[in-house]
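Please read all numbers here as calculations on a predicted model, not as lab measurements.
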Amino acid sequence: MPESPIPLAYQDAVTDHPAIEQWCSTVLAGHSARLLLLGPHWSGKSHAAYAALSRLIAAGYASESITVHQAHDLSRTYQPDMVEYATPVTVVDDLTLSVDLAREPGGPRQADTVEVQAMMALEAGALAEAVDRLTARPNRSWILIASCAEHLVETVGHETAHRILAVAEQAELPPRARPTLPSW
C-alpha cells in the first residue's frame, strides 16, 4: 500500500470550508482545480489543505496521484522534471514562509554571510521556478498555501503571482488562537 501524502498530525483533518468543498468536488469530477489558501500563521491553512487531500483519498482518489511539498524542501531539491512528471494533484505548503520570516517584526537581523545569501538566492530562485512551472501546466490541480498576496509576489515574482491570482480560487482564512502548551 502506498505511503499516505498526509502527515500523521493531519490524519484526522476535516473542514467544511466552501472553497475546499468546491476544490474537492472539481477534482473528483475529473477536472483541474486550483486553490490559493491565504492567511496568517496558525490560521489553519495546512489543516484545510490536508483535509482536502483526506477527502479525496476517502472518496477513492489514489494517494499515489497526490504530491505534497514543503516549500523549504522543494527549494532545495527542485529539478525541472519534478514538475514535468508531477502527479495530477500537488500541494505546496508554506510557500511564503521565507518571506514571512524575513518580514517578522523584531528589528533588524544580523546580515547573513555572502555564501549564505547566495545559497538562499539559489533556493528562492528554484522555488519560484518550480511554482511558475507547476501553475502554468494544464490539467493539474493544486493547492498553494501562502500568508498573503504581497508575500506571494515577493516569493514567486510578479508574473507568476499574477497568473496564480488570475486562475486560482482564493480562500482567506482568519487568524486562530495558537494552541497553548500545558504548564506542568
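The CD atom of Glu154 sits 10.0 Å away from the OG atom of Ser147 when rounded to the nearest 0.5 Å. Interatomic distance, CZ of Arg34 versus CZ of Arg163, reported as 10.0 Å (0.5 Å rounding). Note that the CG atom of Asp112 and the CE atom of Met119 stand 8.0 Å from one another [nearest 0.5 Å]. Between Arg55 atom CZ and Ser25 atom OG the span is 7.5 Å, to the nearest 0.5 Å. Here OG of Ser75 is found 11.5 Å from NE2 of His69. Values are rounded to the nearest 0.5 Å.
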### Message
Between Gln11 and Ser4, is the side-chain contact (heavy atoms from CB on, under 4.5 Å) condition met? List the steps.
### Response
CA-CA 9 Å; Gln11 290 290 317; Ser4 174; 3.9 Å; yes

### Query
Can you check side-chain contact (heavy atoms from CB on, under 4.5 Å) on Val83 and Glu129, steps first, answer last?
CA-CA 10 Å; Val83 174; Glu129 180 180 328; over 6 Å; no

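Side-chain atoms of Met82 and Gln79, non-hydrogen and from C-beta on, do get closer than 4.5 Å to each other. Counting heavy atoms from C-beta on, the side chains of Asp100 and His41 come closer than 4.5 Å. With contacts defined as side-chain heavy-atom distances shorter than 4.5 Å, the pair Gln170/Leu165 qualifies.
Side chains of Gln22 and Thr26: a donor-acceptor N/O pair is present below 3.5 angstrom, by distance only.
Counting side-chain heavy-atom gaps under 4.5 Å among Ile, Leu, Val, Met, Phe, Trp and Tyr, the cluster of Ile145 also holds Ile6, Tyr10, Ile20, Trp23, Val27, Leu28, Leu35, Leu37, Tyr50, Leu53, Leu56, Ile57, Tyr61, Ile66, Val68, Val89, Val91, Ile143, Leu173.
Side-chain atoms of Thr135 never come within 3.5 Å of backbone atoms of Ile164 as a donor-acceptor pair (strictly under, hydrogens ignored). Side chain of Thr155 to main chain of Thr96: no donor-acceptor pair is present (N/O by atom type, distance under 3.5 Å, no hydrogens or angles). At distances below 3.5 Å, at least one donor-acceptor pair connects side-chain atoms of Ser43 with backbone N or O atoms of Pro40. No donor-acceptor distance shorter than 3.5 angstrom exists from the side chain of Arg133 to the backbone of Asp81, with no hydrogens or angles considered.
Across Ala171 and Ala19, no two heavy atoms sit closer than the pair CB-CB, 3.6 Å. In plain terms, the two heavy atoms of Ser65 and Pro88 that are nearest each other are O-CD, 3.4 Å.
No continuous path of hydrophobic side-chain contacts links Trp42 to Leu38 [ILVMFWY only; heavy atoms under 4.5 Å]. Residues Val92 and Tyr78 share a hydrophobic cluster, clusters being chains of Ile/Leu/Val/Met/Phe/Trp/Tyr side chains in contact below 4.5 Å. Residues Leu122 and Leu97 do not share a hydrophobic cluster, clusters being chains of Ile/Leu/Val/Met/Phe/Trp/Tyr side chains in contact below 4.5 Å. Cluster membership for Val99 and Val156, using ILVMFWY side-chain heavy atoms within less than 4.5 angstrom, is not shared.
With Leu152 as reference, Leu95 is the one residue of Leu95, Val131, Thr160 to meet the side-chain contact (heavy atoms from CB on, under 4.5 Å) rule.
Legend: salt bridge (Lys or Arg N to Asp or Glu O under 4.0 Å) pairs involving residues 66-77, not counting sequence neighbours, sorted by first then second residue: Arg76-Glu123.
Listed by chain and residue number, nothing satisfies the side-chain hydrogen bond (donor to acceptor under 3.5 Å, both in side chains) test with Asp94 (two or more places apart in sequence, or in another chain).
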